[in-house]
Amino acid sequence: MAKPKIEPRLPKGMRDFLPGEMIKREYVFNIVREVFHLYGFEPLQTPVLELRDTLMGKYGEDAEKLIYQAQHPGGKEEVALRYDLTVPLARVVAQYPNEIALPFRRYQLAPVWRAERPQRGRYREFYQCDADIVGASGMNADAEIISLIVTALTRLGFTSFSIKINSRRLLTAIGQFAGVEGAALAELYRSIDKFDKIGADGVREELIKRGLPAEAVTRIMDLITTHTDSPLDFLDDALNALPDARAAIRQLRDLAGWLEALGVPKTAYAFDFTMVRGLGYYTGPIFETIITEPNLGSITGGGRYDDLVGLFKGESVPTVGTSLGIERIIDLMEALNLYPPNIGGTVVQVMVTVFDDTTQVESARLTAELRAAGIRTELYMLDRPLGKQIGSADKKGVPLVAILGADEIAAGVVKFKRLVDGHEESIQRSQAAEAVRRLLGNGG
RNA sequence: GUGGGUAUAGCUCAGUCGGUCAGAGCGUCUGAUUGUGGAUCAGAAGGUCGAGGGUUCAAGUCCGUCUACCCACCCCA
């Protein structure tokens, strides 16, 4: 055999998912999909490629440099790989006014591409998982999204997490209260967002370095870091001269009321006025889920963005949604050992061995019988000794092998061997599928 | 985009002062064992020491260039 002349490699920041890993990813994806359906969210799929004009001008100058352009030689259309799932959603809502009835709740679980410099947990192709409600301005929609997050994380097995809730509108009002507006506001957000990383003193220092007056910094920091039993009351008092702030706080109170009605436990969320989402388009409440024990950073992020759809539609459409950091969640499932113990590295439940030339047809028949009964069955394909066949099943993680030699065939039975404990049983052929279910149920 | 680190077998890595340094463990394959996997034992295959230069009598080892990967920052999921 000639040596391969082309070195097998992947483009930077791209990954293959081999079966063992893929099975775990599918497990997470399936639970998330189930919960979305439970909440009445519909699936949506959009193309990997969008027109450049659809994407450009939505993410800011820096982010735009990371958009993959996707021309082919001689191509007449300017196309690009999607950068997220939110802008395509906005496009879809604007494009199908007759097919899509508002409010529209959709989810999308799909890859996006960003030409960033890869790092641990950061890739150039990664899956995003978004759920949004388009066309509902009430806080009941925001509460649905938060409830959805709690249910999804709980079903996945997460126990120690907290959803931080803040309001972009409130932060803007606080900025105004301290005399910060326009471009300086974005810088203010960016610094406050580092609160977890660099602490109150770090944020204070950075704000002063950015040129904010010391007095304004003190006012802002006092407002966002004071902890009381009723944070909304505290801010309401402190900011009662600002109608915008009061409106934002009223929204948050409303949101808390809906969360209670939906049965979201109070321990699952908390108002945190130092939490800021990076993206510029949020207009109302914002939320982010952090794993609290151990402290492993955020796994969901979202909020209300009432103006984005308007970029395609011309009129504003109130929208709220969240992104589940599905790649991060998958990493943490492993780290926190949240996969079910029997998840295994294969989808195969039974491997049917092949004894020799004279029995191979019978092995194929048995395989077909098991499959017809719904057992996920692999027929061994090579002519190798039985020991090798069993070893190969074991290595792959197949829990059961079926042994079908001349003796078994003559007796009309099949012998199953359970690899985890070596337990063997001869079973009448007609009872085979049933026995497989029983053998898998007991030991592995 | 900015700064730092690393690169030796399929994987994880050792390799001293430049001079028998081409090594270990794991994995793979073969056999002990032609109707039974894991354990054990024996054996085998597998490397242009990331690439291409320079210094030197001599380079895996020293120097600079390139590439890839990792980490931090920026940004974000």
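The analysis underlying the following values was restricted to heavy atoms, covering all of them including side chains, and did not include hydrogens, waters or symmetry mates.
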Length of the [atom1]-[atom2] vector between [X] and [N], whole Å:
X: A:Ile149; N: B:rA77; atom1: CD1; atom2: P; value: 13 Å
X: A:Tyr189; N: B:rC75; atom1: OH; atom2: C1'; value: 18 Å
X: A:Glu116; N: B:rC71; atom1: CD; atom2: P; value: 14 Å
X: A:Ile198; N: B:rA72; atom1: CD1; atom2: C1'; value: 15 Å
X: A:Arg124; N: B:rC75; atom1: CZ; atom2: C1'; value: 14 Å
X: A:Asp421; N: B:rA39; atom1: CG; atom2: C1'; value: 17 Å
X: A:His423; N: B:rU36; atom1: NE2; atom2: C1'; value: 15 Å
X: A:Glu64; N: B:rC76; atom1: CD; atom2: C1'; value: 16 Å

Say you pick atom [atom1] in [N] and the same atom in [M]; how far apart are they, in whole Å?
N: B:rG1; M: B:rC17; atom1: P; result: 38 Å
N: B:rG54; M: B:rG15; atom1: C1'; result: 24 Å
N: B:rU65; M: B:rA7; atom1: C1'; result: 16 Å
N: B:rG46; M: B:rC26; atom1: C1'; result: 14 Å
N: B:rC13; M: B:rC21; atom1: C1'; result: 15 Å
N: B:rG37; M: B:rG31; atom1: P; result: 13 Å
N: B:rG4; M: B:rU8; atom1: P; result: 22 Å
N: B:rU30; M: B:rU67; atom1: P; result: 43 Å

>> By nearest heavy atom, map A:Lys194 and A:Leu324 onto RNA chain B; which one lands nearer the 5' end?
In response: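 On the 5' side of the pair lies A:Lys194.
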>> Assuming nearest nucleotide by heavy-atom distance, tell me which of A:Ser298 and A:Arg122 is located more 5' along RNA chain B.
In response: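 Upstream on the strand: A:Arg122.
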Looking across every strand, which nucleic acid part, if any, lies under 4.0 Å from [X] by heavy atom: base, sugar-phosphate, or nothing?
X: A:Leu66; value: nothing
X: A:Gly301; value: nothing
X: A:Glu125; value: nothing
X: A:Arg277; value: sugar-phosphate
X: A:Gln389; value: nothing
X: A:Tyr127; value: nothing
X: A:Arg114; value: base
X: A:Asp84; value: nothing
X: A:Lys197; value: sugar-phosphate

>> If stacking means aromatic ring centre less than 5.5 angstrom from the base's six-membered ring centre, planes under 30°, is A:Phe126 stacked on B:rA77?
In response: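 Whether judged by distance or by angle, A:Phe126 passes, so it stacks on the base of B:rA77.
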>> Show, in sequence, the C-alpha distance, side-chain angles and deciding distance for A:His423 and A:Phe416, and conclude whether the ring-ring contact (aromatic ring centres under 6.0 Å, His included) test is met.
In response: CA-CA 8 Å; A:His423 173 74; A:Phe416 286 109; over 10 Å; no
> Once Watson-Crick and G-U wobble pairs under 3.5 Å are found, how is RNA chain B written in dot-bracket notation, 5' to 3', with | for any base paired to another strand?
Replying inline: (((((((..((((.....[...)))).(((((.......))))).....((.((..]....)).)))))))))....
> Side chains of A:Glu378 and A:Val352: does their closest heavy-atom pair fall under 4.5 Å?
Replying inline: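 The answer is no; the side chains never approach within 4.5 Å.
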With a 4.0 Å cut-off, would you call [X] and [Y] a salt bridge?
X: A:Lys12; Y: A:Glu116; value: no
X: A:Arg105; Y: A:Asp132; value: no
X: A:Asp306; Y: A:Arg304; value: yes

It should be established whether [X] places a side-chain nitrogen or oxygen under 4.0 Å from OP1 or OP2 of nucleotide [N].
X: A:Lys388; N: B:rU30; value: yes
X: A:Arg117; N: B:rC74; value: no
X: A:Lys12; N: B:rC69; value: yes

>> So, applying salt bridge (Lys or Arg N to Asp or Glu O under 4.0 Å) with A:Glu327, which one of A:Arg122, A:Arg124, A:Arg25 is it?
In response: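 With A:Glu327 as partner, salt bridge (Lys or Arg N to Asp or Glu O under 4.0 Å) holds for just one option, A:Arg25.
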> B:rG35 base to A:Glu424 side chain: any donor-acceptor pair below 3.5 Å?
Replying inline: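 Absent.
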>> Let's test your reading of the model: under 3.5 Å, does the base of B:rU34 pair with the side chain of A:Arg384 as donor and acceptor?
In response: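 In this structure, the two groups form no donor-acceptor pair.
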> Do the rings of A:Tyr269 and A:Phe271 sit parallel, tilted or perpendicular, given the 30° and 60° boundaries?
Replying inline: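 Perpendicular.
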>> When you measure from the side chain of A:Ser147 to the backbone of A:Ala143, do you find a donor-acceptor pair of N or O atoms at a distance under 3.5 Å?
In response: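 No, because the side chain of A:Ser147 does not come within donor-acceptor range (under 3.5 Å) of the backbone of A:Ala143.
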> From B:rG38, B:rU36, B:rC75, pick the nucleotide closest to the side chain of A:Ile390?
Replying inline: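 Of B:rG38, B:rU36, B:rC75, B:rU36 is nearest to the side chain of A:Ile390.
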> What nucleotide among B:rU36, B:rG35, B:rA77 has an atom nearest to a side-chain atom of A:Lys417?
Replying inline: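 Looking only at side-chain atoms, A:Lys417 lies closest to B:rU36.
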> What are the two closest non-hydrogen atoms of A:Tyr68 and A:Arg114, and how far apart are they?
Replying inline: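 That would be CE1-C, 3.8 Å.
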> Can you tell me how far the CD1 atom of A:Ile31 sits from the CE atom of A:Met333, to the nearest 0.5 Å?
Replying inline: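 Going from the CD1 atom of A:Ile31 to the CE atom of A:Met333 covers 6.0 Å.
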